[in-house]
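Values in this document were obtained by computation on a predicted structure and should not be read as measured data.
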Amino acid sequence: MPLTKSLDSHADRVLSLARGLTGSQNDQGDGHNVSIKVDSPKKTKDHKRRKEKRGEKKKKKKHPDPLLAAVGLPGDWTPDRKTPPVGTKALDNKYWKHKIPGEILHNGIVLPKVWPPQHVTFDDLILKRPPKPPYLKRPPKVINVDVGRQLFVDDFLVDHTSGGFGGVDGGGQGAVRTFHRAVDLGIVLEPMPDESQDQVPKFYSGPVGFAKVATSRPFSGGIWYDEAKARFIMHYRCGYIYSGYGRQCVAFSKDGIHWERPDIVKSQFKDKQTELAKAPGPKPKNLLRLPFSESFTTWLDADETDPRYRFKAVVRARATIAAMTIHASADGVDWEPLPNRAKTGIVTDRASIYYDPFRRLWVFSIRENLCKGGHGHLRISRYKEVPSLSAADWPVWVKPGKSYFQCVRPKTEEPVTWIGVDALDCEGDNVTECDLYHVDATPYESLFVAQLAVLYPGFAHGGCKTSKVHAGFSRDGFHFSRVQPEPGKGGRGRLPLVDDPHGLNYQQPIAGNFVVKGDEIYVYYAGATHCRRCNDPAFEYCTEGDRKRDGNVKPTESSMKEVTALAVLRRDGFASLSPPLDLAGRASSPVRVVTRPLTFTKDARHLFVNADLAGADGAGRSELTVAVLGPNFEEITALSLGRAACKPLSGVNATKILVEWEGRPDLGPLRHRPFRLAFHLKGPARLYSFWVSPTPEGEAGGFVNGGVGKLR
């Protein structure tokens, strides 16, 4: 059953979330309205003196709302009409008596009125220390945990651990955060003979070109589990653009491991025999009738109400700078142009889309080529959100057919500057030759997981580039925190998302991805596994090939093969919290992880955790207990939860474990109230996530597989 949630169903409970975030009061003394925000500065002394002189100093009133009093917020929120849905914006202001600062997200984050941020510049991004997302600098006073599993990939949820305040990243001897990498299961799709093409001399008469290219990999593309058809579906590149054969194919799988190419080419081109005859190169039997291109992106839209348009696709034509065409399909096989909107705004030579199910809008990730950097240019990404693909238009921010390098600052309504490499992305002295080639993002449970293709120094041009995919995490859909480097790397050298034994180059994000299957996440990755560049000394440009590995390679013998591989990661297993280890590798002491104030408004009754508590070492066996605290760290005695003994969890390693207390396991009395959770970890215990659920089966109500659902 899909876990896609209609956020309008939260309409009856968002008011308490908003009340936990902002307030407003009418200051009649000055004759104007003063908007009070969570982090609003205190009034100046001069202002107070003037009020006192006029005899207008207000008396302190008893707080009308115990929930807001608990977190120190004003309590005059009065709905004028009906309770607003998540996503209500300040400019709408038809639901509330007072304005809110900006759009309210599902987790309690309030966006600024101006969104997305307009002030980011190229120099703010490139080669600097990673900026801390604003929601980590100023987290909500109360975090809503209604939607999905809550992952410990950053300090958003953590107030402090034993060893000091400041979260896990704040130092001390508290809990340690460990980032985990997906483990390879092997190559699952390799090129067939009809997916191999000979390139024209223009594309191999150079140091980084290839005469023969075979490809069967998503270049964004898309890998989805389609519950309506009970099958995995992969949209992948089966023709290389520089061969003149840029094209797309489809494959199906029942288990996500063994893939079959359906014989659809005749039905696809049944009324288009002339079109098929004009198609260059061999005709794979699973060829899709989409425009020939370098890259394309598909998305299985779970919020689409018309079954004819369940799948969406954007296709970038061969032109370097041009619009993308937009297509729709009922089954991911038969595609037609999307009605009422056939093209997007202008993009550059690498662009894709993803869907934000939390806010119900589409995001375009657009590559920008900047004229700065060690190898002649440095790439970053731009961001453009649109309410629907029918509104996928924006001003012409770079001239079609003009310079490959943009070097321009965003103007109003243009795609805004978004993400680039920072000082931790590349090792050594060649960081100025490090690029962010492209980025896609996928909703996972309660947040976004980004796939960032970081291009390392080496081959920055042509095929078989030295790029690897890294992970990033976002709570607001725009700002991403990144995996921290391993100890001993000198502050640099993040590890890619997948522990790749194949040494795949030219890795790129894959749309969708992160398909939940049982206790694991299927993480697909793809790239070039065999890059034989020319090295024959008879040709002066053949300087990049590896003679020791490949022997003598003439330009006409150079070749590249692109494949698709599968790796697995524990469900929610991007990061975990655990006690620190001593020099002997044993858990040195128990730790306590205390959350920030939380709340839920759905009818949740049960608390679940994802934890590995099966291990033991010299310090003892793994154990986890959980205490429920009030917002000021007090025991919630009135609910009989704080004093009741939590049943220790030990000897179990599972992605869904029910937490129980003696006497009263029901969390119902906490609904609409701020509370904290205190996790006590002993031994080599690892905690990955927690969530509240209305059922003892542990349904979390989050988003997986791009918001579509999970394979049970």
Residue pair Leu497 / Ala471: nearest heavy atoms and the distance that separates them: CD1-CB, 4.0 Å
Is there a donor-acceptor pair closer than 3.5 Å between any side-chain N or O of Ser467 and the backbone N or O of Gln507? yes
Output the distance between atom CH2 (Trp394) and atom CD1 (Ile346), rounded to the nearest 0.5 Å. 9.0 Å
Would you check if there is a donor-acceptor pair between the side chains of His180 and Ser576 at a distance under 3.5 Å? yes
I'd like to know if the side chain of Arg177 pairs up with that of Gln484 as donor and acceptor (distance under 3.5 Å, no hydrogens or angles considered). no
His470 side chain vs Val483 backbone, donor-acceptor pair below 3.5 Å: no
Gln508 pairs by side chain to side chain donor-acceptor pair (under 3.5 Å) with which of Gln451, Lys465, His438, Arg350? Arg350
Please say which of Trp299, Phe311, Phe232 ends up in a ring pair (Phe, Tyr, Trp, His ring centres under 6.0 Å) with Trp224. Trp299
Please list, chain by chain and in numerical order, all residues satisfying side chain to side chain contact (heavy atoms under 4.5 Å, CB included) with Ser689, sequence neighbours excluded. Arg149, Leu151, Asp572, Asn610, Trp691
Has Arg367 got its NZ or CZ under 6.0 Å from the middle of the six-membered ring of Tyr437, at an angle within 45 degrees of the ring axis? yes
Can a salt bridge be assigned to the pair Lys132 and Asp154 using a cut-off of 4.0 Å between side-chain N and carboxylate O? no
If you take all heavy atoms of Pro218 and Thr564, which pair is closest and at what distance? CD-OG1, 3.2 Å
Could you pull out all residues at least two apart from Ala528 that satisfy side chain to side chain contact (heavy atoms under 4.5 Å, CB included)? Cys464, Cys531, Met560, Glu562
What do the steps show when you test Met324 against Ile326 for side-chain contact (heavy atoms from CB on, under 4.5 Å), and what is the final call? CA-CA 7 Å; Met324 293 189 290; Ile326 308 177; 5.8 Å; no
Set of residues satisfying side chain to side chain contact (heavy atoms under 4.5 Å, CB included) with respect to Pro395, sequence neighbours excluded: Glu413, Glu414
Using every non-hydrogen atom in the two residues, find where Trp335 and Ala313 come nearest and quote the distance to one decimal. CZ3-CB, 3.4 Å
State, without any angle test, whether Asp440 and Ser220 hold a side-chain donor-acceptor pair at a distance under 3.5 Å. yes
Centroid separation His327 to Phe296 less than 6.0 Å: no
Any salt bridge linking Lys312 with Asp301? Criterion: basic side-chain nitrogen under 4.0 Å from a carboxylate oxygen. yes
So that I know where these two stand, are Phe473 and Tyr444 an aromatic pair - ring centroids less than 6.0 Å apart? no
Between Asp476 and Leu105, what is the shortest heavy-atom contact and its length? CA-CD1, 3.6 Å
Heavy-atom closest pair (Asn144 atom, Asp146 atom, distance to 0.1 Å) is OD1-N, 2.8 Å
How about Tyr383 and Glu385: does a side-chain donor come under 3.5 Å of a side-chain acceptor? yes
Establish, yes or no, whether the cationic atom of Arg475 lies under 6.0 Å from the six-membered ring centre of Tyr135 and within 45° of the ring axis. no
Do Ser352 side-chain atoms and Thr297 backbone N/O form a donor-acceptor pair below 3.5 Å? no
Centre-to-centre under 6.0 Å for Phe358 and Phe448, is that the case here? yes
Find out whether the Lys NZ or Arg CZ of Arg217 is both under 6.0 angstrom from the six-membered ring centre of Tyr506 and within 45° of the ring's axis. yes
